[in-house]
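Lettering follows sequence order; numbering is per chain, from 1. Just so you know, these numbers come straight off a predicted model, no measurement behind them.
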Protein chains: 2
Amino acid sequence: MSGGARDDSLRSMTAPTRSQLLAEAEYLIRRSGYSAFSYAHLTDKIGITKASIHYHFPTKQRLAEEVVEVAMARFAAALADIEAGPGDAPARLRQYAELFLDGFDEQLRPLCCALSAELAALPDSLHTRTRAYFELHLAWLGRIVGAGCAAGQLRWAGGADALAALILSTLEGGSLVARAMQSRALALDGFAQVLALALPPAGADA
Amino acid sequence: MSGGARDDSLRSMTAPTRSQLLAEAEYLIRRSGYSAFSYAHLTDKIGITKASIHYHFPTKQRLAEEVVEVAMARFAAALADIEAGPGDAPARLRQYAELFLDGFDEQLRPLCCALSAELAALPDSLHTRTRAYFELHLAWLGRIVGAGCAAGQLRWAGGADALAALILSTLEGGSLVARAMQSRALALDGFAQVLALALPPAGADA
DNA sequence: GCAAACCTACCAACTAGTAGATAATATTCC
DNA sequence: GGAATATTATCTACTAGTTGGTAGGTTTGC
């Protein structure tokens with residue numbers, strides 16, 4: 001765990017080849033982007049030849065599509081867990097923010113962030129999926145914030161959807177700024193400020 | 001000018017080759033990223049051969065370095081103009097936000113955003129410059145916000161630097177989210193909300 | 001004459017992707 | 001049960017095109 005060895009949480013050593021490929025591709029895309037990663041990089045990590053990767057994923061585009069689909073499903077499940085779990089809306093948003101920053105220490109961008117930044121270099125099928133990924137974020141945030149407002153745990157002048165969009169933008173931007181500035185604190189700082197503003201004054205009810 | 005022709009504000013037709021190359025390279029990097037752009041793409045647009053581009057810029061890395069330097073200088077000058085011009089701090093921040101979104105309609109990311117998203121794929125010399133670019137943003141914002149607070153035009157619980165970082169994150173993230181969602185309004189929405197919160201209550205003094 | 005700016009023609013390395021062979025493992029038919 | 005047949009997952013060897021970059025010659029304007 002210590003030392004320079006990187007965390008392999010995304011890349012199980014025992015998973016079948018296909019899953020390993022998806023995990024490693026996601027890692028590379030989130031680190032360097034779609035354009036910068038290649039099948040050759042995958043062979044280095046997985047230990048099978050390029051031709052064998054093409055057996056599992058006929059094209060790079062198809063591989064990337066599946067990376068997004070798998071990541072989205074995993075993310076949706078994590079959001080559902082948060083929503084089903086204990087805690088009020090502010091607590092759920094804090095969990096969301098932590099989830100959002102997952103991989104930051106491995107220099108990983110959120111997948112949607114990495115893809116959106118080079119959208120013009122991506123095939124159309126990935127535009128659609130990138131957008132869908134963002135919509136998943138916004139829909140969930142809108143729901144949580146909306147419930148929080150209704151329950152008096154949050155208050156926001158512009159309405160739930162406006163706060164949802166602000167939270168997403170803040171985290172998305174924070175992860176970019178913080179990466180370049182090499183400061184994890186910076187990544188959550190904006191979110192924390194916004195959340196603090198959205199909390200009702202201490203002891204307002206109860 | 002009408003129809004699908006794209007705006008050539010960044011890419012003067014009459015400028016000397018070198019400037020044209022820098023402008024077109026910036027355009028390509030901001031649209032698709034460093035990894036996805038190549039000298040071949042430049043030859044298409046500029047009309048000289050790949051070898052001739054190497055005459056002006058010996059390596060792709062060097063070209064990109066200069067792109068960032070030129071863009072940063074241009075940006076710094078624009079910020080200085082805003083600072084020297086009329087208007088209070090909120091007005092200056094609105095001008096900054098507009099400047100930040102410059103090129104959005106051409107599907108251009110802010111340069112620092114494009115670079116930070118694929119930092120792991122960039123040579124070290126561009127890490128430094130990306131960071132410096134962000135620092136320029138933060139320093140200017142910190143100064144403007146600080147002056148605005150001192151003058152009673154802005155108020156922010158966390159202090160000027162915190163608001164500066166929040167504004168930057170919000171715009172940076174907004175430009176990513178808005179691009180994927182194809183909504184210019186979304187790009188400025190978060191910023192507008194934050195600025196509204198930072199304005200002192202109407203008629204507080206005067 | 002000279003230097004800046006450009007060219008043709010190349011290079012080695014890398015890109016995504018294909019063809020076809022080969023093991024090992026299932027599945028089916030008798 | 002055992003032979004015949006698919007299927008799965010991998011390999012070697014290849015293609016055509018692109019990448020960043022170089023060597024060396026030519027044009028152009030002072």
Between protein and nucleotides 17-24 of chain D, what N or O pairs are separated by less than 3.5 Å?
{"from": "D:dT19", "atom 1": "OP1", "to": "B:Ser38", "atom 2": "OG", "distance (Å)": "3.1"}
{"from": "D:dG20", "atom 1": "OP1", "to": "B:Phe37", "atom 2": "O", "distance (Å)": "3.3"}
{"from": "D:dG20", "atom 1": "OP1", "to": "B:Lys60", "atom 2": "NZ", "distance (Å)": "3.1"}
{"from": "D:dG20", "atom 1": "OP2", "to": "B:Tyr39", "atom 2": "N", "distance (Å)": "3.2"}
{"from": "D:dG20", "atom 1": "N7", "to": "B:Lys50", "atom 2": "NZ", "distance (Å)": "3.1"}
{"from": "D:dG20", "atom 1": "O6", "to": "B:Lys50", "atom 2": "NZ", "distance (Å)": "3.1"}
{"from": "D:dG21", "atom 1": "OP2", "to": "B:Lys60", "atom 2": "N", "distance (Å)": "2.6"}
{"from": "D:dG21", "atom 1": "N7", "to": "B:Lys50", "atom 2": "NZ", "distance (Å)": "3.4"}
{"from": "D:dG21", "atom 1": "N7", "to": "B:His54", "atom 2": "NE2", "distance (Å)": "3.3"}
{"from": "D:dG21", "atom 1": "O6", "to": "B:Lys50", "atom 2": "NZ", "distance (Å)": "2.7"}

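- Residues of residues 116-124 of chain B having a heavy atom closer than 4.0 Å to DNA chain D: none are found.
- For the pair B:Lys45 and B:Tyr27, the NZ or CZ position fails the cation-pi test of under 6.0 Å to the six-membered ring centre and within 45 degrees of the ring normal.
- Of the possible polar contacts, one joining the B:Thr43 side chain to the B:Ala40 backbone as a donor-acceptor pair under 3.5 Å is found.
- With respect to the salt-bridge test (charged N to carboxylate O, under 4.0 angstrom), the residues B:Arg74 and B:Glu26 qualify.
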Pick out the pairs of N or O atoms, protein on one side and nucleotides 25-30 of chain D on the other, that lie under 3.5 Å.
none

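- Between the side chain of A:Glu172 and the backbone N or O of B:Glu172 there is no donor-acceptor pair closer than 3.5 Å.
- Of all heavy-atom pairs between A:Ala64 and A:Ile29, the closest is CB-CD1, 4.3 Å.
- What you find for A:Ala117 and B:Arg109 is that their closest heavy atoms are O-NE, 3.5 Å.
- A salt bridge between B:Arg92 and B:Glu83 is absent, with no side-chain N of the basic residue lying under 4.0 Å from a carboxylate O of the acidic one.
- By the 4.0 Å N-to-carboxylate-O rule, B:Glu98 lies too far from B:Arg94 to be salt-bridged with it.
- Side chain of B:His127 to backbone of B:Leu122: a donor-acceptor contact under 3.5 angstrom is found.
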